[in-house]
Amino acid sequence: MTITPLSHTCTRGPLISAEGLNGVGKTYLTNRAVEALDEKPLMLDEFSQRANGRPGLGEALLQALREASTGDPFLRGGTPMAEALLLMAIKRHDLDTLLPDLARGRTVVEGRSVDTTAVCQALLLHPDHPDRALETALALLDLASSYRPLPDLTILVTDDADQALVRAQRRDRRVFTTEQATFMRKACALFERVAATDPARYRVVDRRITDEYEAAAQIRDWIGSAGPGLDCLREPWMGEGAPCMCCGHRAEEVPA
């Protein structure tokens, strides 16, 4: 038997992630874009902006990472692969909490999803080998996609890394160490390389050539046009015959 999808349009809303390193203006630009939309999406804060005390497993795991990283802005605790798996678990927990909204047709925007995890953890594993870091980031994304579906659309905001560093230090009221600044520069370059491998999913806003008004307008248009007509969202580990996590539709089994 083979699984053949029937002609079907899922009624779910689009799952969108807004990605970018500290200081690129991702949150600021995304919020400006959302303010201009008539139908507001559900916004899920990125890790660094979540208030302590949010109940649930996801917050408990995140708090454990915060404690292990002892204040590092990139949540680095010294065990990159273990941390990658924990971060993926948090993003799976996030999806579980968002499914009711997606099923009702609402657009959901995650402030950073599995892409940031893949980029940062790959860089920690291969800090001095850019090509190996790229291969590992893609492998981590593949691993993450076996935990949960990837976003339908990923908006990457990028900028000159030194300009982003200045903004991040001003916003967080801290001075990054030389090592942390170097990590940011390498992660910025790796993020752009990862995005280039999947132009169907990524949309890139480069603040080096785009002002904030045009950037916010682009993000607004991308979010506003992300649905409808989306494929069903299925549990990756259950195979093609799994029911949609939002509408319950199954692909049809037909003789090979």
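- For the pair Thr158 and Phe191, the minimum side-chain heavy-atom distance is 4.5 Å or more.
- With rounding to the nearest 0.5 Å, the separation of CG in Leu141 from OG1 in Thr197 is 7.5 Å.
- Residues Leu156 and Val205 do not share a hydrophobic cluster, clusters being chains of Ile/Leu/Val/Met/Phe/Trp/Tyr side chains in contact below 4.5 Å.
- Residues Leu37 and Gly224 share a closest heavy-atom pair of CD2-CA, 4.2 Å.
- Arg112 contributes a side-chain N or O that, together with a main-chain N or O of Gly20, makes up a donor-acceptor pair within less than 3.5 Å.
- Ring geometry for Phe183 versus Phe74: interplanar angle of 30 to 60°, hence tilted.
- Looking at Asp131 and Arg193, a side-chain N of the basic residue comes within less than 4.0 Å of a carboxylate O on the acidic one, giving a salt bridge.
- Listed here is the closest heavy atom pair of Ala187 and Leu21: CB-CD1, 3.3 Å.
- Cluster annotation: Trp222 is connected to Val24 through the hydrophobic network of ILVMFWY side chains, with a link wherever side-chain heavy atoms come within less than 4.5 Å.
- Remark: Leu98 CG to Glu110 CD distance equals 6.0 Å, nearest 0.5 Å.
- Side-chain contact between Thr117 and Ile90 is absent, with no heavy atoms from C-beta onward closer than 4.5 Å.
- Nearest approach of Leu143 to Tyr147, heavy atoms of both residues: O-CD1, 3.4 Å.
- In this structure the side chain of Val114 never reaches within 4.5 angstrom of the side chain of Ser145, judged on heavy atoms.
- Hydrophobic clustering, with ILVMFWY side chains joined whenever heavy atoms are under 4.5 angstrom apart, keeps Leu153 apart from Tyr202.
- Annotation: side chain of Leu75 is not in contact with side chain of Glu83 (no heavy-atom distance under 4.5 Å).
- The shortest side-chain heavy-atom distance between Pro149 and Leu15 does not fall under the 4.5 Å cut-off.
- When all heavy atoms of Ala103 and Cys246 are compared, the closest pair comes out as CB-O, 3.7 Å.
- In the displayed structure, Arg132 atom CZ is contacted under 6.0 Å by at most 12 heavy atoms of other residues, nucleotides or ligands.
- Counting only heavy atoms from C-beta outward, the side chains of Arg185 and Leu165 approach each other to under 4.5 Å.
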Check the pair Gln218 / Ile155 against side-chain contact (heavy atoms from CB on, under 4.5 Å), numbers first and verdict last.
-> CA-CA 10 Å; Gln218 286 183 339; Ile155 298 170; over 6 Å; no
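- The CG atom of Leu99 sits 9.0 Å away from atom SG of Cys244, with the distance rounded to the nearest 0.5 Å.
- Cluster membership for Leu29 and Ile223, using ILVMFWY side-chain heavy atoms within less than 4.5 angstrom, is shared.
- A salt bridge links Arg92 to Glu235: at least one charged side-chain nitrogen sits closer than 4.0 Å to a carboxylate oxygen.
- Taking all atoms of both residues into account, the shortest heavy-atom contact from Arg201 to Asp152 is CG-O, 4.1 Å.
- For the side-chain contact (heavy atoms from CB on, under 4.5 Å) criterion with Pro41, the lone passing option out of Ile16, Thr107, Asp101 is Thr107.
- Between Arg207 and Asp160 no salt bridge is recorded (no basic side-chain N to carboxylate O distance below 4.0 Å).
- By the 4.5 Å heavy-atom criterion applied to side chains, Met245 and Leu102 are not counted as neighbours.
- Looking at heavy atoms from C-beta onward, Lys91 lies in side-chain contact with Leu44 at the 4.5 angstrom threshold.
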Worked verdict on Arg148 versus Asp96 for side-chain contact (heavy atoms from CB on, under 4.5 Å) | CA-CA 9 Å; Arg148 52 158 280 179; Asp96 288 343; over 6 Å; no
side-chain contact (heavy atoms from CB on, under 4.5 Å) between Leu61 and His93: does it pass, once the steps are laid out?
-> CA-CA 10 Å; Leu61 292 173; His93 181 270; 5.9 Å; no
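- Here the CG atom belonging to Leu190 is positioned 6.0 Å from the CG atom belonging to Leu123, to the nearest 0.5 angstrom.
- Salt bridge annotation for Arg203-Asp221: absent, with no cationic side-chain nitrogen under 4.0 angstrom from a carboxylate oxygen.
- No chain of hydrophobic side-chain contacts below 4.5 Å, direct or via other Ile, Leu, Val, Met, Phe, Trp or Tyr residues, connects Val204 to Val109.
- The minimum heavy-atom distance linking Leu134 with Val194 is given by the pair CD1-CG2, 3.8 Å.
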Residue pair Arg167, Glu212: steps toward the salt bridge (Lys or Arg N to Asp or Glu O under 4.0 Å) verdict | CA-CA 14 Å; Arg167 292 194 204 101; Glu212 65 179 84; over 6 Å; no
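- Atom CG of Leu233 is separated from atom CG of Leu95 by 6.5 Å, given to the nearest 0.5 angstrom.
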Please lay out, stage by stage, how Gln121 and Arg76 fare under the test side-chain contact (heavy atoms from CB on, under 4.5 Å).
-> CA-CA 9 Å; Gln121 303 312 115; Arg76 298 175 298 175; 5.6 Å; no
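- Not one N or O on the side chain of Asp142 forms a donor-acceptor pair closer than 3.5 Å with the backbone of Leu138.
- Atom CD of Glu214 has more than 12 neighbouring heavy atoms from other residues, nucleotides or ligands inside a 6.0 Å radius.
- Atom OG1 of Thr116 and atom CD of Glu19 lie 3.5 Å apart (nearest 0.5 Å).
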